[in-house]
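Encoded as structure tokens, the structure appears first; notes follow it.
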There are 2 protein chains.
Amino acid sequence: MFILKWLELRLIIFNHAFEMYVGAIALIFTALGIWLALKLTKPKVQIQVVEQIVERVYQEENAEEFRVNEQALQELGLSKRELEVLQLMATGLSNQEIAAKLFVSLNTIKTHTSKVFEKLDAKRRTQAIEKAKRLHLIP
Amino acid sequence: MFILKWLELRLIIFNHAFEMYVGAIALIFTALGIWLALKLTKPKVQIQVVEQIVERVYQEENAEEFRVNEQALQELGLSKRELEVLQLMATGLSNQEIAAKLFVSLNTIKTHTSKVFEKLDAKRRTQAIEKAKRLHLIP
DNA sequence: TTTTCACTCATACTTTTGGGTGATTTTATC
DNA sequence: GATAAAATCACCCAAAAGTATGAGTGAAAA
């Protein structure tokens, strides 16, 4: 049966030799057309701007020098001493440790912190630190 | 002469009818191939990357999405909940407020904070926050 | 000269934070 | 199903933080 079918196919090809020829031509030239199109078209150049953030390693953050926001400082009316206490507070020191560092009494530091909280509208030191960082009063 | 030439051309066409036919087929299918190729292939795009260094102003710092330092997190053995408490702590919330926010008791938050301090080797919340920022555990 | 203000300090009191300990329940993992 | 880690909660105690109030001093501004 397979052979018979094969012979039948051969017969069809033979009887339709012209159509087969034209078909082959059509196929070949379609392929040629496709090839031509792919080869000869210019690639469309598309400029794509890629914002590339400069690689920043953790440690480099500190390399970037810090400038206090003088304006915010003025507006809040924070004194030099108060800012100093605020900065030390942000480093994680206790009131006692700050007092020792600045050679003043614990009560003095408490007064300063109280004023800082008042001016920054904060209830706690952690909140004060957070707000101060936002306002770029401390690094 | 023009008419004679024209008659001559007609004769050529007539005598070579088969070749003309095949040529026409070839032309048509070449065009088809070209059309197919152009229509069905993605436009070739040549991407030209233009590096643009992004200037960073104060406010933009927050725009830069923050990635936690997973490695440090692992090394310290901070749990998910502990990190969560740490983050809220850094926003300036009190233990009571954190407890309310997470729908747990104050005592639970205290245990979490204690563990955080232990793992971060901190004595106070302010110190813990400072260290966590350094290690890029919190923004 | 007076006034203002930053800085200092103190006392008394309340609230929050943090340490220590122990226990139960969930959740994930083998 | 056993085990371990995480999460939950409680109680007690001490330390630190924060509030309120008052007051003294010195320097600069009005």
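In the text below, chain A, chain B and the rest are named by the order of the sequence lines, each starting its count at 1.
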Provide a list of protein-nucleic acid N or O atom pairs under 3.5 angstrom, restricted to nucleotides 28-30 of chain D.
none

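- Shown here are the side chain to side chain contact (heavy atoms under 4.5 Å, CB included) partners of E118(A), two or more places apart in sequence or in another chain: there are none.
- For the helix from dT1(C)-dA30(D) to dC30(C)-dG1(D), the axis fitted to the five pairs at one end and the axis fitted to the five pairs at the other end meet at an angle of 60° (nearest 10 degrees).
- Atom CG of residue L102(B) and atom CD1 of residue I109(B) lie 5.0 Å apart, to the nearest 0.5 angstrom.
- Q127(B) pairs with exactly one of K123(B), R125(B), E130(B) by the side-chain contact (heavy atoms from CB on, under 4.5 Å) rule, that one being K123(B).
- In this structure, the CZ atom of F117(B) is 13 Å from the P atom of dG20(C), given to the nearest Å.
- A salt bridge (Lys or Arg N to Asp or Glu O under 4.0 Å) check over residues 87-97 of chain B, counting only residues at least two apart or in different chains, returns the pairs R124(A)-E97(B).
- The side-chain hydrogen bond (donor to acceptor under 3.5 Å, both in side chains) check on E75(B) picks up Q71(B), with sequence neighbours excluded.
- L120(B) has its CG atom 13 Å from the P atom of dG18(C), to the nearest Å.
- Side chain of N69(B) to backbone of L135(B): a donor-acceptor contact under 3.5 angstrom is found.
- Less than 4.0 Å separates DNA chain D from at least one heavy atom of each of the following residues of residues 74-112 of chain A: S94(A), N95(A), K110(A).
- Only R124(B), R125(B), listed by number, bring a heavy atom of residues 124-132 of chain B to less than 4.0 angstrom from any atom of DNA chain C.
- Between the NZ atom in K80(B) and the CG atom in L73(B) there is a gap of 11.0 Å [rounded to 0.5 Å].
- Partners of S105(B) according to the side-chain hydrogen bond (donor to acceptor under 3.5 Å, both in side chains) rule, which considers only residues two or more places apart in sequence or in another chain, are T108(B).
- With sequence neighbours excluded, no residue forms a side chain to side chain contact (heavy atoms under 4.5 Å, CB included) with Q74(A).
- Computed from coordinates, the K123(B) NZ to dG20(C) P distance equals 12 Å when rounded to whole Å.
- By the side-chain hydrogen bond (donor to acceptor under 3.5 Å, both in side chains) test, S79(A) is found to be paired with E82(A), residues two or more places apart in sequence or in another chain being considered.
- Remark: the backbone N or O of K110(A) is not paired with any side-chain donor or acceptor of N95(A) at under 3.5 angstrom.
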Give every donor-acceptor pair under 3.5 Å between a side-chain atom in residues 84-93 of chain B and any protein atom, sequence neighbours left out.
from	atom 1	to	atom 2	distance (Å)
E84(B)	OE1	R81(B)	NH1	3.0
T91(B)	OG1	L88(B)	O	2.6

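- Applying the side-chain hydrogen bond (donor to acceptor under 3.5 Å, both in side chains) criterion to K101(B), with sequence neighbours excluded, gives no partner residue.
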